[in-house]
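I am attaching a structure below and will ask some questions about it afterwards.
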Amino acid sequence: MPVITLREALNEALHLEMARDPRVIVLGEDVSGGAGGTSGQRDAAGGIFGVTKGLIHKFGDGRVIDTPISESCIIGAANGAALAGLRPVAELMFADFVGVAMDQIFNQAAKFRYMFGGKARTPLVIRMSFGAGMNCAAQHSQTIYPFMTAVPGLKVVVPSNPYDAKGLLLTAIRDDDPVVFFEHKALYSRKGEVPEGDYAIPFGEAALVREGEHATIVALGRMVPFAEKALEKLNADGITCDLIDPRTTSPLDEETILESVSNTGRLVVVDESPPRCSVASDIAAIVAQKGFRDLKAPIQIVTAPHTPVPFARELERAYVPGPAQIEAAVRKVLADG
Amino acid sequence: MQLNRDALLQAYRRMRTIREFEERLHIENRTGEIAGFTHLYAGQEAVAVGVCEHLTDKDWIASTHRGHGHCIAKGCDVGGMMKEIYGRADGLCKGKGGSMHIADLDKGMLGANAIVGGGPPIAVGAAIAAKLAGEGHVAVSFTGDGGSNQGTVLEALNMAAVLKVPKIFVFENNGYSEHTGAAYALAGQDLGRRVEGFGIPVFRADGFDFFSVYEAMRQALEVSRTGGGPAAVYATCTRYFGHFEGDPQNYRAKGEVEKFREESDCLKGFRARVTEAGLIDAATLDAIDAEVLGEIDAATVAAKSAAPPVPADVLTDVYISY
Ligand SMILES: Cc1ncc(C[n+]2csc(CCOP(=O)(O)OP(=O)(O)O)c2C)c(N)n1
Ligand SMILES: [Mg+2]
């Protein structure tokens, strides 16, 4: 099987689905790039992270649309295009920019189906890079998916590896509801085996990344490879864990998590977000509510602190939860019961 | 020209300081020591300085992601800025903000801003405060050709006009927003006409020419400082480096920047103008160049060896921890 990066996996999914379905369009700032430039070269960017590279040459500027800096209208236009029968994949570049487009995401896209009595379909994907680790500072490094997960009417995808990224993006584009698709900017170059052809990964099905007996670790996005690192150390001491990657936070595969906790009796949830109203606190609450009797020890959450993301390398390193904190949390749940 | 010799020397020094700061960062970026995004302002110095030479610490400015020039022009400490860009504990924002978030409220500098279009509404608020204070101060926002397409900017234009606040919108059209040309993304092309549509007077300037910008800003202030409400300065210019450091600039014709550097450079233009008019001799300007070079070198050396923040600093400057 070919080994490619997460960036390339996403790019493959877009190429495949645009070729298969003429209703799919891509829009956003610099998704191609070079329009109005003096060199005459289009695709000068191919997306600021290179995810949409090459699309314009295959599908033309009618379907691969470079927009002005107008996030509110990018998402609004994607909403309208979706209602009118297209399947737009809008790019917001950095997840932090949802701030500019928030109304169109959570009052408009998320509400149409329900508010219009089930009549509307909004087959829309909003892609965005997220997360810390590249010293992009407070307004270019946030996780954002907790806000989106809290909104009824949105589906939320957070892939952690190239294989999942491709299969989940294909599902997202084919889905008839608005999907917010989070790509960790520090994972774009993560490599993995990815089949060449078409395959779709259903939403709401977690991946069991590792199997073990002493505790359950639930982790998302970049926290998955960090948890794998922590497990190398723990395994050396004879401690094994289930490592669950929910892959989608909405819908959430509660069943897989609860079943694992019923076997291990201990839960550590790892989330790069600040702790309050995070996916970590949400999953901890669900397990406390529905799996309380299976727990042998208090649940541990490993999160960023309740602060904005700092710039300096030393500060950002201290901000982002890492393998050491995950390892310590697992040892704590083991010590606690 | 109402500028006396000292004012001319100060303007030149500030433009040169911005240039050397950015040229040095361009070189230092290749060492890998500087983290995150750095957007350099070189080429546009005449705009920041032509605008800010009219302002005092009591006037406000709201900047952009390309903020180093605005900061220096507004009087921010160059050593503190350099340390901030290097992420040092005694940087202007303690290493918490970095290049895109340099702020110095004591200097009337409301912050660089990594959200395109974030600044103009904030400056409307500062203008409300200036209006209530009634001391003739103004608030200024800087916005690029790309940023001018952001809804927030259009809202700020309308609201400033409705509220008749002392707010000056400075638009810097450098031809590009990231990898996309203004020739494509800026509907109507003449941004000035768009602004005039809000009933706001627009003073057009050649952004390569300090004197042109200075005069346009003087006229804008004549409106805003005297209760006439908002005004705008619209300057066309170019940036000498990529959108961010590391940008291969595939969208730009070969030789484009070299031609601007050769034919339209604001520092060269300033020098020719003042020496030919016999106002300042070349040797005096050469001496400033040498001093500035030394200052930037010292700031860089100091920033490199300054202490980084300690991990515990993550939890300071917050009002609650969980
Ligand atoms: C809300 C938002 N959208 C997009 C970006 C990404 N971005 C940063 S700078 C930039 C281009 C800005 O162009 P312009 O306003 O002309 O300023 P210039 O870079 O030319 O100084 C873009 C798209 C951002 N930082 N914030
Ligand atoms: Mg520009």
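Lettering of chains follows the sequences in order, A, B, ..., and the numbering in each one begins at 1.
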Any donor-acceptor N/O pair, B/Q189 side chain to B/L186 backbone, under 3.5 Å: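 Yes, B/Q189 side chain to B/L186 backbone: donor-acceptor pair under 3.5 Å.
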Close aromatic pair by centroid cut-off 6.0 Å: B/Y240 and B/H26: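 Between B/Y240 and B/H26, the centre distance exceeds or equals 6.0 Å.
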Is it the side chain or the backbone of B/N113 that comes within 4.5 Å of chain A heavy atoms, both, or neither?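 It is both, since atoms from each part get that close.
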Between B/A185, B/G97, B/S148, which has the largest tally of heavy atom pairs under 4.5 Å with chain A?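 Highest number of pairs under 4.5 Å: B/G97.
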Select one option (side chain, backbone, both, neither) describing which atoms of B/E178 are under 4.5 Å from chain A's heavy atoms.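 Backbone plus side chain of B/E178, per the 4.5 Å heavy-atom cut-off to chain A.
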What option among B/E84, B/H179, B/R252 has the most heavy-atom pairs under 4.5 Å with chain A?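 Heavy-atom pairs under 4.5 Å are most numerous for B/H179.
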Checking A/E316 against chain B: side chain, backbone, both or neither under 4.5 Å from a heavy atom?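 For A/E316, neither part sits under 4.5 Å from chain B.
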Is there a side-chain contact between B/Q44 and B/R66, using heavy atoms and a 4.5 Å cut-off?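 Yes; the side chains approach each other to less than 4.5 Å.
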Measure distances from B/V310 to the heavy atoms of chain A and classify the residue's part below 4.5 Å as side chain, backbone, both or neither.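 For B/V310, backbone heavy atoms alone lie under 4.5 Å from chain A.
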Any side-chain donor paired with an acceptor under 3.5 Å for A/Y145 and A/S278?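 There is no such pair (donor and acceptor under 3.5 Å, judged by atom type) between the side chains of A/Y145 and A/S278.
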For each of B/R88, B/H243, B/Q249, B/E33, tally heavy-atom pairs with chain A at distances under 4.5 Å, and name the one with the top tally.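 Highest number of heavy-atom pairs under 4.5 Å: B/E33.
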Is there a side-chain contact between A/F49 and A/L10 in this structure, where contact means two heavy atoms from C-beta onward sitting under 4.5 Å apart?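 A side-chain contact is absent here, since even the closest heavy-atom pair is not under 4.5 Å.
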Below 4.5 Å, heavy-atom pairs only: which of B/G95, B/P248, B/G87 has the largest tally toward chain A?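 Ranked by heavy-atom pairs under 4.5 Å with chain A, first place is B/G95.
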Is B/V314 in contact with chain A via its backbone, its side chain, both, or neither, using a 4.5 Å heavy-atom distance?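 Both parts, backbone and side chain.
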Regarding B/R239 and the six-membered ring of B/F244, is the cationic atom NZ or CZ under 6.0 Å from the ring centre and inside 45° of its axis?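 Because its charged atom misses either the 6.0 Å distance or the 45° angle limit, B/R239 does not stack over B/F244.
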For the interface with chain A, which of B/A35, B/G91, B/S321 has the highest count of heavy-atom pairs at distances below 4.5 Å?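 It is B/A35.
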Strictly under 6.0 Å, is that where the ring centroids of B/H68 and B/F21 end up?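 Yes: the rings meet the under 6.0 Å criterion.
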Examine whether an atom of B/K254 lies under 4.5 Å from a heavy atom of chain A, and if so say whether it belongs to the side chain, the backbone or both; otherwise answer neither.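 B/K254 has no heavy atom closer than 4.5 Å to chain A.
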Do the two ring centres, one from B/F208 and one from B/F260, sit under 6.0 Å apart?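 Yes, the ring centres sit under 6.0 Å apart.
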Between B/I320 and chain A, which part of the residue has a heavy atom less than 4.5 Å away: side chain, backbone, both or neither?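 Both parts, backbone and side chain.
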Which atoms of B/L154 approach chain A - backbone, side chain, both or neither, heavy atom under 4.5 Å: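 The answer is neither part of B/L154.
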Greatest number of heavy atom pairs closer than 4.5 Å to chain A - which of B/G147, B/G151, B/G146: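 When all of B/G147, B/G151, B/G146 are compared, B/G146 has the most.
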State, without any angle test, whether B/D190 and B/Y234 hold a side-chain donor-acceptor pair at a distance under 3.5 Å.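 No, no side-chain donor-acceptor contact under 3.5 Å.
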